Number of protein chains: 2
Amino acid sequence: MAGSSHVYQAPRGTRDFLPEDMAVRLHIEQAWRTAAVTHGFLEIEGPTFEHLELYTSKSGPGIVSELFSFKRSGGETEFALRPEFTPTLARMAAAQGRGLPVPTRWFSMPWHYRAERPQRGRLREFRQFNVDVIGDASPAADAETIAVALAALARLGLTADDVQVRISHRAVVNRMLNDLGVADDRITAAQDLLDKRDRIEPDAFAAKATELGLDPDAVTRLAAMGGEAVPASTDPATLSEVWSVPAETLTELVELREELEARGLLEFCRWDISIVRGLAYYTGAVWEIHETSGNERAIAGGGRYDNLVESFGGPSLPACGFGMGDVVLELVLRDRSLIEQGADLLPRPDAFVLSMTDENDSAVVPMLSRLRAAGLHARTTGKSTRNLGKLLKDANKCRARHAVILGEEFADGSVTVKDLDSAEQSTVAVDELVDRLGGG
Amino acid sequence: MAGSSHVYQAPRGTRDFLPEDMAVRLHIEQAWRTAAVTHGFLEIEGPTFEHLELYTSKSGPGIVSELFSFKRSGGETEFALRPEFTPTLARMAAAQGRGLPVPTRWFSMPWHYRAERPQRGRLREFRQFNVDVIGDASPAADAETIAVALAALARLGLTADDVQVRISHRAVVNRMLNDLGVADDRITAAQDLLDKRDRIEPDAFAAKATELGLDPDAVTRLAAMGGEAVPASTDPATLSEVWSVPAETLTELVELREELEARGLLEFCRWDISIVRGLAYYTGAVWEIHETSGNERAIAGGGRYDNLVESFGGPSLPACGFGMGDVVLELVLRDRSLIEQGADLLPRPDAFVLSMTDENDSAVVPMLSRLRAAGLHARTTGKSTRNLGKLLKDANKCRARHAVILGEEFADGSVTVKDLDSAEQSTVAVDELVDRLGGG
């Protein structure tokens, strides 16, 4: 060791989760998992790293520069840490071939990695909730994934005042790009540029747009493309003129509106053609969830990718889904004071066992073992005092539900149980203690 | 893409977790988490990759050849995927300095990585349960970590007939190595060799032992070191002669025996000086859990590492802990038929909603939304038939608890609820449905 102090820190853009940080993350993950499970999605997971080509081949220029890649010492194969889950999901679905139930509803919530410069809301290592429907081409499937995303946010306290779903469609965007003079073989590059629009300088944007073959007037129109978002209560069929696109590009959005309405989600949604998404594989509706103030990055993003499973050697199966990272979400929750102190999210002990006499000291460990074997969360003090007030302070500090006090009555097979929420106190036979504390 | 089919597979030594595989893993993780939480341990997590030096500096020769290491494109810093958790834990504890509560009881259960040739029980990517006590030098702390390991295994159905804890002590092993003629500066290398004893050829073992300065007689004695395991009911103080070591090297084992007895764990334990552990940082008691048949690798391994936190720039804090991987554990559980079919571990829907009339079809999605918003797991069918028998078959296939049938009575604000376990059926007002299904 060179004695360099950086070794003693987490790598830049990664996080150490101390217990209170971890409690916050588990709180978020619990909301994710419950939202997905209640909607009938099944949890899956894939490897943390995949063959590098899995990403370079399908995700487009937006992803390749962001990969952590490596070989095994002495090995030839190139791997990359997972930057997004969709290629793994499509690979797993393709591997099932015709055996995959249709539709398949899968979710996952593993780590992802991006080798970018860390910024607010964007770290090198982040947790991401991924929710996908495979084998269902109907806008009902898109609406189901949006419903899961909003259900997870609702569980965390976010309402339609806090978050908006901004929905666009690749058919509309591509038609508009064509009309601006972007050739079909440059559509992917133009989407990527549009997606980065707010993050690069106007001059750089104009230069790149010119490279795509656009004249100065078209560059200006590209920079302004999208305009105002429209409430989702507006029938998309009426937007043909506003967006200058043929009515047939809007068919799926019309159906999607009905599906969102049936789920009571219209108030959360906007039609917003400025949403593009940077990934090359999207084919239909694309959407992002933003908090309403505009102070943070997108909370979630997703869309329809009907060709990806087939492109990985699987059957031709339409699919759609989204990803929601933990980093922006936690910032939004903190901005709005919707996260408790981590300490208040830690698991509460059911029993805090205390010996009040020398004879009972040796009974504490067997008592703890007995309670724990019954599934109860049981702790004791490290202090040697017999001052009950001080000991109960210890018990309250870790938010124990009950103090189990081994006093004189222990010789007769009983303990004193003090409910630390209500302060009620009673004598309980040792044989009935597990029942009394809710174990079993 | 070169069209190479390997891209469509998970990298060698990693796994795809389809829903039923994932259900088994979540079942194991639930046992881990419950065992740790009930024993008063708090969950933490660190980065998936660390600075490479964090591992090369402290873990010894056993770990370095097993690392996946990489740099960021254009970056200088070398990182490595986490092969074990202890260095991260020691780094995190050191960073808290004097602010760390003493004792601190932490656990984690993240992914780990080893760049070895995959073998039975040993993959390149595996999940590992890590449990540690920091700031407690007493053998009670060692016993607590052993208790957590055994509690997790007990939750998965493993008894003292299935698993044994084999306990050794670095002071005893090192004294025996000294007596064989191993110099102090070669003790670490000798420990590493002893740990690999069963995995390398006798000739290679002898060659390496000779390199450590041992004469042929000592090489033979090193190969045989350890001998028979002794039941932990045996007082370690009586083993001074058996192992030819001074009584003072056995003090901690004598205390550890008392602590194991207080926890009712003696029947699980053996004194077994053949246990060495490959990592250089251990300083005291070391132990492994093996299944009794000897057919699989160690299920868990750990020990005391009293100098590690200080060596990472923290205060001088004794510590001990263990790791338990998911791969061997799952093999052991399957060997003993202790794992249910994954399908039986998937979450059960609370409600399977079915429309029996054309008028009610449009009510299914709003009903699902309502039940899900109340925290209930609700699904419906993809089939268009009105044949109730076929539809209930669908409901039973996913092990739904109740069918919620929207028939003629729905016009009057009621549905039919069929309990699919008991086959009991009743009419329930829509307003009372959530309560009836156990949501809220």
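A, B, ... follow the sequence lines: proteins, then strands. Residue 1 opens every chain. Treat the numbers as computed from the prediction; the structure is a model and nothing was measured. Reckoned from all heavy atoms, side chains included, excluding hydrogens, waters and symmetry mates.
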Find the one option among B:Lys71, B:Glu144, B:Arg263 whose heavy-atom pairs under 4.5 Å with chain A are most numerous.
B:Arg263
Between CZ on residue A:Arg12 and NE2 on residue B:His51, distance to nearest 0.5 Å:
10.5 Å
Please classify the contact between A:Ser369 and chain B as side chain, backbone, both or neither, with a heavy-atom cut-off of under 4.5 Å.
side chain
Under 4.5 Å between any side-chain heavy atoms of B:Ser69 and A:Phe70, yes or no?
no
Tell me every residue that passes side-chain contact (heavy atoms from CB on, under 4.5 Å) with B:Ala262, counting only those two or more places apart in sequence or in another chain.
A:Val365
Pairwise distance OG1(B:Thr48) to CZ(A:Phe49) - rounded to 0.5 angstrom
12.0 Å
Taking B:Arg155, B:His377, B:Met92 one by one, which has the highest count of heavy-atom pairs under 4.5 Å against chain A?
B:His377
Chain A contacts, top residue of B:Ala151, B:Gly375, B:Gly382, B:Ala94 (heavy-atom pairs, under 4.5 Å)
B:Gly375
Rounded at 0.5 Å granularity, tell me how far NE2 in A:His39 sits from CZ in B:Arg379.
12.5 Å
Heavy-atom pair count under 4.5 Å with chain A, highest-scoring of B:Thr88, B:Leu18, B:Val102
B:Leu18
Please classify the contact of A:Glu45 with chain B as side chain, backbone, both or neither, using a heavy-atom distance under 4.5 Å.
both
Between chain B and each of A:Leu67, A:Ile44, A:Asp136, A:Asp350, count heavy-atom pairs under 4.5 Å; write down the option with the most.
A:Ile44
Answer with side chain, backbone, both or neither: which region of B:Glu20 has an atom nearer than 4.5 Å to a non-hydrogen atom of chain A?
neither
Side chain, backbone, both or neither: which part of B:Leu346 has an atom under 4.5 Å from a heavy atom of chain A?
side chain
Contact part of A:Ala115 toward chain B, heavy-atom cut-off under 4.5 Å: side chain, backbone, both or neither?
both
Among B:Gly40, B:Pro47, B:Ala23, who wins on heavy-atom pairs under 4.5 Å with chain A?
B:Pro47
If you measure from CZ on A:Arg124 to CZ on B:Phe79, what distance do you get to the nearest 0.5 Å?
6.5 Å
Salt bridge flag under 4.0 Å for residues A:Glu43 and B:Arg25:
no
Between A:Pro347 and chain B, with a heavy-atom cut-off of 4.5 Å, which part of the residue counts as in contact: side chain, backbone, both or neither?
side chain
Side chain / backbone / both / neither for A:Arg370 at chain B, heavy atoms under 4.5 Å:
neither
Among A:Val364, A:Leu81, A:Thr380, which residue forms the greatest number of heavy-atom pairs with chain B at distances under 4.5 Å?
A:Leu81
Based on non-hydrogen pairs under 4.5 Å, which of A:Thr14, A:Val37, A:Thr38 is most in contact with chain B?
A:Thr38
Closest non-hydrogen atoms of B:Ser311 and A:Tyr8, given as atom of the first, atom of the second and distance, are O-OH, 3.7 Å
Can you name the nearest heavy-atom pair linking B:Gly46 to A:Asp16, along with the distance?
CA-OD1, 4.2 Å
Which answer fits B:Arg105, side chain, backbone, both or neither, if we ask what part of it has an atom under 4.5 Å from a heavy atom of chain A?
side chain
Whatever's closer than 4.5 Å to a heavy atom in chain B on A:Leu26 counts as side chain
CD (B:Glu116) and CZ (A:Arg72) are apart, to the nearest 0.5 Å, by 10.0 Å
CD/B:Glu50 to CD/A:Gln9 distance, rounded to the nearest 0.5 angstrom?
11.0 Å
Side chain / backbone / both / neither for B:Arg33 at chain A, heavy atoms under 4.5 Å:
side chain
